[in-house]
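Single-structure report; data block below.
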Amino acid sequence: MTALLSVQNVGKRFGGFVALDGINLEVQPGERLGLIGPNGSGKSTLVNCICGTLRNEQGSVHFDGQLMNGLAAHERTHRGLSRSFQLPRPFPSLTLADNLRIPMLYTVHHRNGTPLHADNIDARCHELLQMVDLEKKARHLPRDLTQVEMRKLELARAMAAEPKLLIADEAMAGLSHSEIEDILALLMRLNESGITVIMIEHIMTAVMAFSQRLAVLVSGKKIADGKPEDVVRDPDVVRAYLGE
Amino acid sequence: MPLFILASIVVAIVIFILMRLPGIEYLFVAGYTIVQYIVLSTAWNILGGYCGYVNFGSAAFFALGAYSTVTLATFGLQLDELVPESMAPYFHLIFPLPIPVLIVIGGIVSGIVGFGTGYLTLRLRGAFFAIATLALSVVLATLVVNWDFVGGSGGAYVVRPGKFPGLGSYMQYLFLLMLGLAVLSVVLARWIERSRLGYGFAAIRDDELAAEASGVPTLRLKLIATTLSGALMGMAGAPFPYYIGYLAPASAFGLEYAVNSIAMPLIGGTTNWIGPVIGTILLGTLQQVTTVTISSAVNVLLVGVLLIAFVIIAPNGIVGLVQERLRARRQK
Ligand SMILES: Nc1ncnc2c1ncn2[C@@H]1O[C@H](COP(=O)(O)OP(=O)(O)OP(=O)(O)O)[C@@H](O)[C@H]1O
Ligand SMILES: [Mg+2]
């Protein structure tokens with residue numbers, strides 16, 4: 001079986017600061033991977049390099065058998081990579097429904113050769129908003145949302161691109177217990193429908209409940225990768241978390 | 001959409017008929033300027049309002065259209081010296097070029113320069129992009145001042161025929177052409193707004209990183225915007241030498257083009273095609289009135305005061321103010 005995502009020796013610097021140091025990571029089709037690590041360990045930077053928001057100066061990213069290096073972020077999205085931003089970045093002048101319309105119009109629209117019908121897009125927008133419990137605010141602007149709702153919108157927009165691989169960068173921070181359950185169930189359902197998911201999360205109960213595999217970043221290096229229950233007992237991981 | 005096109009054409013025809021009724025030729029002279037600004041402010045808004053890229057160089061694109069016309073008109077006058085004798089008869093068949101053709105040529109020239117400018121500057125954001133467009137204006141003005149064929153700093157005369165068959169005065173013909181251009185730009189702007197392109201533009205304006213992550217090819221869309229916007233401005237400039245009769249660099253590259261084409265959409269509202277139209281009619285009419293009653297020098301001051309007032313009272317323009325009210329009512 002060939003990997004859906006293959007990150008090889010990826011390195012990224014900010015000035016003199018090494019944010020990512022030779023990261024190797026493979027994700028198989030249909031897998032649920034948890035990516036954890038202390039604050040500032042480089043998780044979001046890795047997502048940015050995978051999705052083309054940032055350019056890695058070292059190493060390569062392959063997705064679905066294709067080399068991603070040199071492709072713009074939107075080209076990667078078209079090929080089936082989608083991510084949510086850790087700090088939500090909604091389109092502030094567009095209604096929630098129109099926020100979701102953007103990826104549908106620009107990513108899903110021509111994917112299967114036949115353009116989507118306007119009615120289908122409308123229906124799909126509302127379906128997605130319903131999934132994250134925001135359908136009542138479909139015609140509101142993002143500024144009317146709470147921080148928590150903003151995260152849900154961010155996740156819904158990433159889902160709207162109908163990706164093969166969804167990367168959720170801390171989609172659950174600040175959510176209540178029951179809301180976390182809802183989002184977990186949502187991501188599980190997505191995964192069951194065949195979408196590969198990478199979940200970045202500080203909430204360990206959620207990561208442990210969700211992940212089939214766990215990778216750990218510390219100071220730009222991957223220090224562990226394996227079965228979740230083994231990884232959390234790994235002495236290096238324990239030291240990285242407790243020794244801070 | 002076809003209904004909207006039809007409606008705008010009907011409105012344009014009604015305006016033209018109403019303007020003919022009093023039999024005052026000056027109405028067309030003043031009206032031309034206002035309608036020309038509808039084209040300019042709508043064109044500016046496609047890049048500035050929809051995509052959020054502020055262009056300070058409207059005058060450059062306008063002047064490019066005007067100087068394309070001057071170049072071709074001058075060429076037409078000097079045909080016998082510039083073209084081999086054997087070819088001259090053929091050239092005489094097509095020169096002088098009719099104004100609609102000049103409009104198309106002006107649009108193509110400015111569209112190409114718009115594309116080039118976009119390509120060179122669109123990696124710049126915010127103030128840096130605005131300054132780059134201002135620089136373009138200065139560079140082009142310098143080139144024109146030093147190009148003797150189009151009159152250099154001294155300017156060039158373009159003889160306007162006195163009459164146009166069927167309409168009477170040539171000024172009315174020019175006005176009618178500009179009215180046609182205004183219909184074209186408004187129809188284009190409204191179409192963009194409701195199309196996939198318009199959603200992409202809005203995403204770019206709001207957040208370029210998020211737009212890219214959603215699959216919007218931001219660079220390509222921005223190039224479409226600079227090209228369309230530049231082309232429309234060039235089209236607005238092409239008939240101008242015939243309107244003014246004598247074109248000097250100072251009038252083609254005038255500050256008022258840059259300032260007005262920004263101020264009019266801002267006052268009217270930038271997110272909707274009607275905004276620039278409302279802003280232009282308000283500000284343009286006011287300027288025509290002050291030009292006649294006080295002096296044209298007051299105009300720039302007037303724009304300044306109005307802009308400050310609007311930034312404070314209605315930062316999203318008149319249309320924004322109305323939309324805000326409607327939204328508040330709907331959510332109650
Ligand atoms: N654009 C940037 N310029 C400079 N430094 C940056 C930039 N983005 C991230 N960094 C730095 O790189 C390091 C890794 O940041 P990153 O956001 O990837 O961490 P993270 O693992 O996602 O942390 P968190 O759990 O807090 O989200 C941090 O030290 C951060 O300060
Ligand atoms: Mg992060």
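From a predicted model like this one, the values you see are computed outputs, not experimental measurements. The chains referred to below are lettered A, B, ... by the order of the sequence lines, with proteins before strands, and numbering in each begins at 1.
A salt bridge links A:Arg124 and A:Glu127; the closest N-O separation between the charged side-chain nitrogens and carboxylate oxygens is under 4.0 Å.
B:Tyr119 and B:Phe115 have parallel rings, their planes meeting at less than 30° on a 0 to 90° scale where 60° marks the start of perpendicular.
Neither the backbone nor the side chain of B:Ile204 has a heavy atom closer than 4.5 Å to any heavy atom of chain A. A:Phe85 touches chain B through its side chain: at least one heavy atom from C-beta onward sits under 4.5 Å away, while N, CA, C and O do not. Interface remark: A:Arg89 contributes backbone and side-chain atoms alike to the contact with chain B (heavy atom separation under 4.5 Å). Contacts between A:Ala72 and chain B at a heavy-atom distance below 4.5 Å involve backbone atoms as well as side-chain atoms.
Contacts with chain A were tallied for B:Thr271, B:Leu221, B:Thr218; B:Leu221 has the most, counting heavy-atom pairs under 4.5 Å. Of the listed residues A:Glu75, A:Arg101, A:Arg83, the one with more heavy-atom pairs under 4.5 angstrom with chain B than any other is A:Arg101.
Atom CG in A:Asn48 sits 12.0 Å away from atom CZ in A:Arg55 (nearest 0.5 Å). Atom-to-atom distance recorded for A:Ile50:CD1 and A:Met68:CE is 11.5 Å, nearest 0.5 angstrom.
A:Asp169 and A:Ser44 make their closest contact through OD2-OG, 2.7 Å (heavy atoms, listed as atom of the first residue, atom of the second, distance).
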